[in-house]
Number of protein chains: 2
Amino acid sequence: MATGREIAQLCGVSVATVSRVFNQPETVNEETRDRVLRVAKELDYRPNESARALSTKQSTMIGLVWDTDHRRPGWRHPYLQDLLIGLKSALSAHGYHLLMLATGGDAREVGASLADPVGYVNMTRRHHLGGLVLIDSGSDAEAFEAFAQSGVPCVALDVAVDGPRATYVTSDNEGGAQSATRHLAGLGHSRIATITGPPGNQPAQARVSGYRKALRDAGLQQRDEYVVAGDFYRTSGTVAMQRLLALDEPPTAVFAASDEMAVGALLAARAAGLRVPEDLALVGFDDIEIASVVDPALTTVAQDKPGFGVAAAKAIMAMVTGAGREEPVILPTRLVVRDSCGS
Amino acid sequence: MATGREIAQLCGVSVATVSRVFNQPETVNEETRDRVLRVAKELDYRPNESARALSTKQSTMIGLVWDTDHRRPGWRHPYLQDLLIGLKSALSAHGYHLLMLATGGDAREVGASLADPVGYVNMTRRHHLGGLVLIDSGSDAEAFEAFAQSGVPCVALDVAVDGPRATYVTSDNEGGAQSATRHLAGLGHSRIATITGPPGNQPAQARVSGYRKALRDAGLQQRDEYVVAGDFYRTSGTVAMQRLLALDEPPTAVFAASDEMAVGALLAARAAGLRVPEDLALVGFDDIEIASVVDPALTTVAQDKPGFGVAAAKAIMAMVTGAGREEPVILPTRLVVRDSCGS
DNA sequence: CGTTTCACCGTAAGCGGTTACATCACCGTA
DNA sequence: TACGGTGATGTAACCGCTTACGGTGAAACG
């Protein structure tokens, strides 16, 4: 790896000039600029990122806070890969990289976890990160708030945060749930239940609210026993469905707040001898891979998965370059009609 | 963020001593060491990573080469999330972070892609990365070889590479395929076909070879028309299955080299009016989420998904600290018997 | 008691960039 | 001719840390 000094010597200029060629090209004479650029290209010169970061207090990296093995070892993000693809490609358009911050660590590293946002914030300073992208890992809204208040630019996914340099991106959860429920009502169902996500989870709350709105719009009765809590996981869907089926007047249609729970509900229904969609209509949320594969294929509310990453990248880059905060981004959802509701 | 100098002043020592406290504790007097440590803790001191990397030419980061939008926009790694979980947690045990290298980029960044390994290699030098983890993204074995030869420590996933400081980790693909096929033969099937992965792909080749071995061991006839090529994707499984069903003597059992293709085959069989497993036995490979959800649940060969990440992390860390190369790691597979083969 | 040894610590030179400031040639103007 | 302005470049300090080297005082030695 050639250094700036080498370029300088070969060109008969000072290192300052070499640096200027790359950072303030307009301030250097065209002729010498070309000369420097030519030599630089010849030697395949790339400025050393550590040195540059040290000197400018700015690296070309964005930190990713993605807490795994938290309370729930089996936790899986429903569409992490698509999210990363979007994030990565959008960041790379700005020449930025994604640093997956490690939590825990050995003696040298004092641990950083969502329980200790300070650790992460320190890391962003130590590495001169431009900012942080926070992936929702359950219901750590409080921790996210601490990040947002820390002053480092950060964008949270699926958690509404507020702070001097913080914003968030999320789906139109309410709208999506509403259209799902409306779809069910439109098919003639009047006994429509919902299986919700965990209580503290914001998207979960929004989806319940969308469900309620749709019922109201359709002039349908809202029954408390038709709203049963799950945790986004499959088995909770099964349990919830069993509970619903045990009611005196079981629902004929169910909106599950996640595809995983919808699948769980499907299994429960099947075990109870019910046919889907004939005896029970089912809608999910997320449109993960599984949705199109189960039998019957799941009608569901699709989220713009790579769009999440792209929006996050845009927001964080905007905060890195400009000052101040960005507006929250609400991504549209789309109802994907398959076979689990009949026609 | 406190700096070393501040600590030094508060303790009445020089910055050198502060540095020594953290890097060669045994060379500094116990009393002053404690004093420094106490003040450092008080100020929540963490050495600046950029400065340290600049000075030592070693960062605490490992690069991740994960090429997406290559030739196949729809490409998805079957278990990226689990892999990352394993990788991240194992790296964090050493205090290392994972840097997702961006490909492409703006004018400032000359692009790096698998087509241009030099770009990545340059990045690892610029960022003083400890090494590179290469995720297989189809069939770029040649490109991987270039990485391996570059001299930077790197471990490839699912591609056998060789180089001065390179190694790889992969599953026991042959063994897995063999046990899957043996399972089919054990159930009494004699007309066993296979749907393979893309020709250039090493795991795909190993799986075919395992399939062949099992047939031979079982004393079964090998027919060329029973080996039809897919590309690991679902639709290719459907197409392949259709081809198999069109044969004069269609197989009664199929080993698909990926779960996705197995699902595709399942759809084709169902469309042709065949029942699975009664009319057709089916085994997949990977044990992705979908496998347990399709109806009938898919019998498949499970890979140790987080183990991949952990093994990769161990290998790369071993090469970072020690010199020289590491032995390749072959992870065991496990046949998961579900419902798609009957009993 | 002079000299060696050794544990401990400070000095200072990097690492490879960025950038405030100084320098200098050259121009137009009074 | 003297002068201020301007564009192009060099000088050197600095970012925060590591580390080779040298210095110091006390203990050990002859």
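Lettering follows sequence order; numbering is per chain, from 1.
- Atom CZ in F22(B) sits roughly 17 Å away from atom C1' in dC9(C) (whole-Å rounding).
- One can place CD of E26(A) at 12 Å from P of dG7(D), the figure rounded to the nearest angstrom.
- Across the protein-nucleic acid pair, E30(A) atom CD and dA8(D) atom P stand 10 Å apart, rounded to whole Å.
- Between dG17(C) and N48(A), no contact under 4.0 Å exists linking OP1 or OP2 to a side-chain N or O.
- With the nearest nucleotide of DNA chain C identified for both L54(B) and A16(B), A16(B) has the one nearer the 5' end.
- Of the residues in residues 31-41 of chain B, T32(B) come within less than 4.0 Å of DNA chain C through at least one heavy atom, sorted by number.
- Nearest heavy atom pair, residue Y79(A) against residue K305(A), reads CB-CD, 3.4 Å.
- Without hydrogens or angle criteria, Q81(A) side chain to R76(B) main chain gives no donor-acceptor distance under 3.5 Å.
- Between T17(A) and dA8(D), a side-chain N or O to OP1/OP2 separation shorter than 4.0 Å is absent.
- Heavy atoms only, all atoms of each residue included: V39(B) and C11(B) are closest at CG2-SG, 3.5 Å.
- S19(A) contributes no side-chain N or O that, together with a main-chain N or O of V15(A), makes up a donor-acceptor pair within less than 3.5 Å.
- Applying the 4.0 Å criterion to OP1 and OP2 of dG16(D), one finds that R46(B) has every side-chain N and O outside that range.
- The side chain of S19(A) places an N or O atom within less than 4.0 Å of a non-bridging phosphate oxygen (OP1 or OP2) of dT18(C).
- Here the shortest heavy-atom pairing between V161(A) and A166(A) reads CG2-CB, 4.2 Å.
- Nucleotide dT19(D) holds its C1' atom 15 Å from the CD atom of Q58(B), rounded to whole Å.
- For K57(B), no side-chain nitrogen or oxygen approaches OP1 or OP2 of dT18(D) to under 4.0 Å.
- The side chain of V28(A) lies closest to dT9(D) when the candidates are dT9(D), dT19(C), dT11(C).
- For N48(B) and H128(A), the side-chain atoms include at least one donor-acceptor pair closer than 3.5 Å.
- Atom CG in N23(B) sits roughly 6 Å away from atom P in dT19(D) (whole-Å rounding).
- Within 6.0 Å of the CD atom in E26(A), the count of heavy atoms belonging to other residues, nucleotides or ligands exceeds 12.
- Among the protein residues, V13(B) comes within range of the sugar-phosphate backbone only, with heavy atoms under 4.0 Å from sugar or phosphate atoms but none that close to a base.
- In this model, the phosphate group of dC15(D) is not approached by any side-chain N or O of S55(A) to a distance below 4.0 Å at OP1 or OP2.
- Shown here for D158(B) and T170(B), the closest heavy-atom pair between the two residues is OD1-OG1, 2.6 Å.
- The residue T56(B) sits close only to the backbone: its heavy atoms come under 4.0 Å of sugar-phosphate atoms, none of a base.
- The distance from atom CD of E49(A) to atom C1' of dG17(C) is 11 Å, rounded to the nearest whole Å.
- Between A148(B) and D162(B) the shortest heavy-atom distance is CB-O, 3.4 Å.
- Looking at which nucleotide of DNA chain C each of G12(B) and V15(A) is closest to, the 5′-most match is held by G12(B).
- Side-chain atoms of E326(A) never come within 3.5 Å of backbone atoms of A318(A) as a donor-acceptor pair (strictly under, hydrogens ignored).
- Proximity of R20(A) to the phosphate of dA8(D): no side-chain N or O atom is located under 4.0 Å from OP1 or OP2.
- The distance between atom CD of Q24(B) and atom P of dA20(D), rounded to the nearest whole Å, is 8 Å.
- In this structure, R52(B) atom CZ and dG16(C) atom P are separated by 18 Å, rounded to whole Å.
- Residue L91(B) comes nearest to H97(B) through the heavy atom pair CD1-O, 4.3 Å, listed as atom of the first residue, atom of the second, then distance.
- For the helix from dC1(C)-dG30(D) to dA30(C)-dT1(D), the terminal axes (five pairs an end, C1' atoms, rotation from four pairs onto the next four) enclose an angle of 60°, given to 10 degrees.
- Ranking dG10(C), dC17(D), dG16(C) by closeness to the A51(A) side chain, first place goes to dG16(C).
- Within the 4.0 angstrom heavy-atom criterion, only backbone atoms of the sugar-phosphate kind lie near T3(A); the bases stay farther away.
- Taking 4.0 angstrom as the limit, R5(A) places none of its side-chain polar atoms (N or O) nearer than this to OP1 or OP2 of dG16(C).
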